[in-house]
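Down below is the structure, laid out as structure tokens.
Ligands are counted one by one from 1 in listed order, and the atoms in each one are counted from 1 as well.
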Amino acid sequence: MIPTVEWKDGIVRMLNQTKLPTEVVYEDCKDYQTVARGIKELWVRGAPAIGVSAAMGLALGARQVDVSDFDSFWPKFEAICAEMAATRPTAVNLFWAIERVKQFVQANKDKSIDAIRELLVKESQRIHDEDIAVNKRIGAYGAPFVSDDDNIITHCNAGSIATAGYGTAEGVMRAAVEEGKKIHVYMDETRPVLQGARLTAWELMEEKIPCTLVTDNMAGYLLFHDMVDLAIVGADRIAKNGDVANKIGTYSLAVLCKEHGIPFYVAAPFSTIDFSTDSGVDIPIEERDPREVTHVFGKVQIAPDGVNVLNPAFDVTPARYITAIITEKGAFRPQDIHHLSDPKRDTERFRVHP
Ligand code: MRU
């Protein structure tokens, strides 16, 4: 596993995932603006990784605010937080991380600005390290849903590089393999940005997990021919009613799975659940540059000049298509997610088991 994003000697190093799989390139970000640009331009992408990058970016931002008293610091820092929040609208982990950092700064307002700056670096590293630990717990809860010799289908990339490390959907696969199960994974290429072909294929091959690449429109063929036992995907935002926003094309795959009686699992940390969003229709969906659709990775033109293009980056899978949502607190029926909004509530009685 290679680092997705890290703090190193006052610099945020982001893995530029737009260069994968042919090149492994790290971008050295010396200011929060470069981190924000990296999130927008998908150097680092994937909901948890976006949150961790934003937190580190804010630690950089605090160093760029050249004042020494809290009353002058706070409005400037809030403006940096707002800029960071404007990078990508769908993954709620971005807003979760920004909110956590803001509350952390407020809780330390009595300290010197220099001390706050230092503490923020540590807090962003804590968010990073916690994410890896959370993913490992998701893996532990998810692995029992995978049986020996299973064929799994996944969409987009919810692997190690979509998180601080280990991955969510791929974390479940990794944990199943660590338990000694033999699995085989089909990954959809995931048009238009090809996270499945470029990133998931690369990661699974690095991990030596047997895998086969298919185009998005081949999923129906696989299910029709009984070639898949279960689907596991990640999530960008889970609404209170259990609806899940994830990479465009997730919904079509979920409908196909329902038609064929194939279990459809979502693996995500609790920070992806947005209890303030009632249902999937309320989730803001990012609309990206038409060029992602008209050109293959910005290079080869595959559609006429001036064609009308729609490019929503995510879709919403209604709760009824989802077998279970696997989190670090256990696996739950999406319909039970709303019971979990109180962190003090015992989650045990809502857990589902394989
Ligand atoms: O546009 P992206 O690449 O950021 O979209 C990523 C996804 O949709 C992932 O499935 C999701 O963020 C979960 S990552 C653990």
- Judged by atom type as modelled, is there a donor-acceptor pair below 3.5 Å linking the side chain of E27 to the main-chain atoms of W43? no
- Taking N or O atoms only and a 3.5 Å limit, does T163 qualify as a polar contact for ligand 1? no
- Purely on distance, is any nitrogen or oxygen of T168 under 3.5 Å from one on ligand 1? no
- Which segment of T250 sits under 4.0 Å of ligand 1 when only heavy atoms are counted: neither
- Task: Look at ligand 1 and say whether N93 reaches it with a heavy atom at a distance under 4.0 Å.
- Result: no
- Query: So is A91 in contact with ligand 1, going by heavy-atom distances below 4.0 Å?
  - Reply: no
- Message: As an exercise, identify every atom of ligand 1 less than 4.0 angstrom from a heavy atom of F314.
- Response: 1 (O), 5 (O), 8 (O)
- Task: State, to 0.1 Å, how close P269 and V134 come at their nearest heavy-atom pair, and which atoms those are.
- Result: CB-CG1, 3.6 Å
- Message: Does only the side chain of K247 get under 4.0 Å from ligand 1, or the backbone, or both, or neither? Count heavy atoms.
- Response: both
- Item | Proximal ligand 1 atoms for R88, defined as those under 4.0 Å from one of its heavy atoms | 1 (O), 2 (P), 4 (O)
- Task: Take every heavy atom of P48, measure it against each atom of ligand 1, and state whether any distance is under 4.0 Å.
- Result: yes
- Close-contact set for ligand 1 against N246 heavy atoms, below 4.0 Å: 7 (C), 8 (O), 9 (C), 10 (O), 11 (C)
Give the table of side-chain donor-acceptor pairs shorter than 3.5 Å for residues 344-354, with sequence neighbours excluded, one pair per line with atom names and distance.
from: D346; atom 1: OD1; to: E348; atom 2: N; distance (Å): 3.1
from: E348; atom 1: OE1; to: R351; atom 2: NH1; distance (Å): 3.2
from: R351; atom 1: NE; to: K329; atom 2: O; distance (Å): 2.9
from: R351; atom 1: NH2; to: K329; atom 2: O; distance (Å): 3.4

- H155 near ligand 1, heavy-atom distance under 4.0 Å? no
- K240 side, atom NZ; H338 side, atom NE2 - distance, nearest 0.5 Å: 8.5 Å
- Note on the structure: Across all chains, not counting sequence neighbours, the side chain to side chain contact (heavy atoms under 4.5 Å, CB included) partners of A158 are T168, A169
- Where on A47 is there a heavy atom closer than 4.0 Å to ligand 1, on the side chain, on the backbone, on both, or on neither? both
- Any side-chain heavy-atom pair of Y141 and E328 under 4.5 Å: no
- Going by the atom numbers of ligand 1, which of them fall below 4.0 Å from some non-hydrogen atom of Q195? 1 (O), 2 (P), 3 (O)
- Note on the structure: The answer for which part of A169 has a heavy atom under 4.0 Å from ligand 1 is neither
- So, does D131 use its side chain to make a donor-acceptor pair with the main chain of H128 at under 3.5 Å? no
- If we number the atoms of ligand 1 from 1 as shown, the ones under 4.0 Å from a heavy atom of A162 are 14 (S), 15 (C)
- Do T200 and M173 have side chains that get closer than 4.5 Å, going by heavy atoms? no
- Identify the protein heavy atom lying closest to atom 7 (C) of ligand 1, giving its residue, its atom name and the separation to 0.1 Å. D236 OD1, 3.2 Å
- Task: For residues E287 and L310, determine if any side-chain heavy atom of one lies less than 4.5 Å from a side-chain heavy atom of the other.
- Result: yes
- Task: Would you mind reporting whether K247 and V233 have side-chain heavy atoms less than 4.5 Å apart?
- Result: no
